[in-house]
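Reading through the structure tokens given below for one structure.
These values consider heavy atoms only, across backbone and side chains, with no hydrogens, waters or symmetry-generated copies.
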Amino acid sequence: MATYVRVPGKERNYVNTDTGQVISRRQYLKQKRGGLSNETYARINATNDKLEQVSRPARGRSSLLKKTETEKNFIAQARIEDQLKKLEIAQKNKEERALERVKQRKANKKTKIYKDISRTLQPGKKGRRVAFDTYDEYVAYFNDAKRSGKIRFYALGVEGYHENDGRTLTATVFTMRTFDKPIPEPIFEAEMDNAIEEWSYFVFTNYWMHLAFAIEYAAKRRETAKARKRRK
């Protein structure tokens, strides 16, 4: 291996004693470390020896190299804890901003109104859940489904989100029933309000109606969808 000696002066260069080649201190350290640059060496230190890494001089702070080992470890450990605390706060702020965006999006979500509820069945499915906002919309959907003869049963419930983490939450309030008569408005409002108030962390967004289509109609819709695919 070539031998280098320090060249006197402010530039901190090194000269090869055999060839006379002059190289910078950066190049000299890279050769001495077996090809590792300063940046690569710093990354390895940051992973393998955190205390050593934070003990080194950096812009805006004094070096700990002249202090005792106990002092170095104490100050370095304090720097590590401070850095971890900053990262924790930044991560928490990021999660809070993301949660606020989720809440805002769900709060602003508009309920889609269907003109013909019997045509909402998707190919390959036997049921469908539709959202609504008022009792009058429920009655309109009820009468539409009853007239169509394509829907056999339905259930009602509430939907919202968890105020702490933004998860979508649903609860069934009225279990599956036939299309005999609509639920009276006082009973509808009272049961729905009880379900909403049952969870202190629940933020209400809309009601929902789950539709169970007639088996014959669902099978016909599947065949129609297959026929369309074959034609394409």
Side-chain angles (χ1 to χ4, degrees), residues 92 94-232:
K92 185 177 179 181
K94 182 179 178 181
E95 291 174 356
E96 287 178 352
R97 289 194 298 270
L99 176 58
E100 197 59 38
R101 288 195 298 271
V102 171
K103 289 182 179 180
Q104 193 66 34
R105 184 174 67 251
K106 291 187 176 182
N108 295 338
K109 185 179 72 172
K110 295 182 179 179
T111 303
K112 183 177 180 180
I113 304 299
Y114 295 95
K115 294 182 179 179
D116 185 359
I117 199 172
S118 65
R119 297 179 65 85
T120 61
L121 180 63
Q122 298 171 329
K125 304 290 184 180
K126 296 180 180 179
R128 178 69 188 270
R129 181 171 291 187
V130 294
F132 63 94
D133 293 322
T134 64
Y135 177 80
D136 291 337
E137 290 177 7
Y138 154 65
V139 174
Y141 279 155
F142 179 93
N143 293 331
D144 185 19
K146 187 174 182 179
R147 280 195 304 269
S148 71
K150 302 170 184 176
I151 305 170
R152 292 287 174 84
F153 308 100
Y154 77 98
L156 298 173
V158 293
E159 181 175 321
Y161 61 88
H162 197 298
E163 66 177 358
N164 294 333
D165 55 24
R167 286 183 291 118
T168 299
L169 300 173
T170 61
T172 301
V173 181
F174 297 95
T175 55
M176 282 292 182
R177 60 196 59 227
T178 59
F179 289 90
D180 183 19
K181 292 182 180 180
I183 299 168
E185 185 172 3
I187 297 176
F188 176 91
E189 297 289 352
E191 292 297 325
M192 291 296 191
D193 288 344
N194 287 339
I196 293 170
E197 293 173 1
E198 189 174 337
W199 295 330
S200 59
Y201 48 79
F202 179 79
V203 181
F204 171 78
T205 55
N206 58 265
Y207 305 112
W208 54 259
M209 174 187 278
H210 188 84
L211 309 171
F213 285 78
I215 296 175
E216 301 81 5
Y217 177 66
K220 186 178 179 181
R221 290 277 291 180
R222 283 195 296 270
E223 291 301 323
T224 302
K226 290 179 181 178
R228 286 176 180 172
K229 286 184 178 179
R230 287 194 294 267
R231 285 198 296 270
K232 289 181 180 179

Can you establish whether the number of heavy atoms outside F179 located under 6.0 Å from its atom CZ is more than 12? yes
Output the distance between atom CG (L211) and atom CZ (F142), rounded to the nearest 0.5 Å. 11.5 Å
Which atom names give the shortest non-hydrogen contact between I151 and A212, and what distance separates them? CG2-O, 3.5 Å
Identify the two heavy atoms, one from W208 and one from T170, that lie closest to each other, and give their separation to 0.1 Å. NE1-CB, 4.0 Å
To the nearest 0.5 angstrom, please state how far the CD atom of E159 sits from the CD1 atom of I196. 11.5 Å
Heavy atoms only: give me the nearest Y161-T205 pair and the separation to one decimal. CD2-CG2, 3.8 Å
Side-chain atoms of residues 129-141: list all donor-acceptor pairs with protein atoms under 3.5 Å, sequence neighbours left out, distances to 0.1 Å.
from: D133; atom 1: OD1; to: T111; atom 2: OG1; distance (Å): 3.0
from: D133; atom 1: OD2; to: T111; atom 2: OG1; distance (Å): 3.3
from: T134; atom 1: OG1; to: E137; atom 2: N; distance (Å): 3.3
from: Y135; atom 1: OH; to: I183; atom 2: O; distance (Å): 2.6
from: Y135; atom 1: OH; to: E185; atom 2: N; distance (Å): 3.3
from: E137; atom 1: OE1; to: D133; atom 2: N; distance (Å): 2.8
from: Y138; atom 1: OH; to: Y154; atom 2: OH; distance (Å): 2.9
from: Y138; atom 1: OH; to: I183; atom 2: N; distance (Å): 2.9
from: Y141; atom 1: OH; to: Y114; atom 2: N; distance (Å): 3.0

Report the distance from atom NZ of K146 to atom NZ of K181, rounding to the nearest 0.5 Å. 8.5 Å
To the nearest 0.5 Å, how far apart are NE2 in H162 and CZ in F202? 11.0 Å
Are side-chain heavy atoms of L156 and Y207 found at a separation under 4.5 Å? no
Find the distance between NE2 (H210) and CZ (F153) and round it off to the nearest 0.5 Å. 12.0 Å
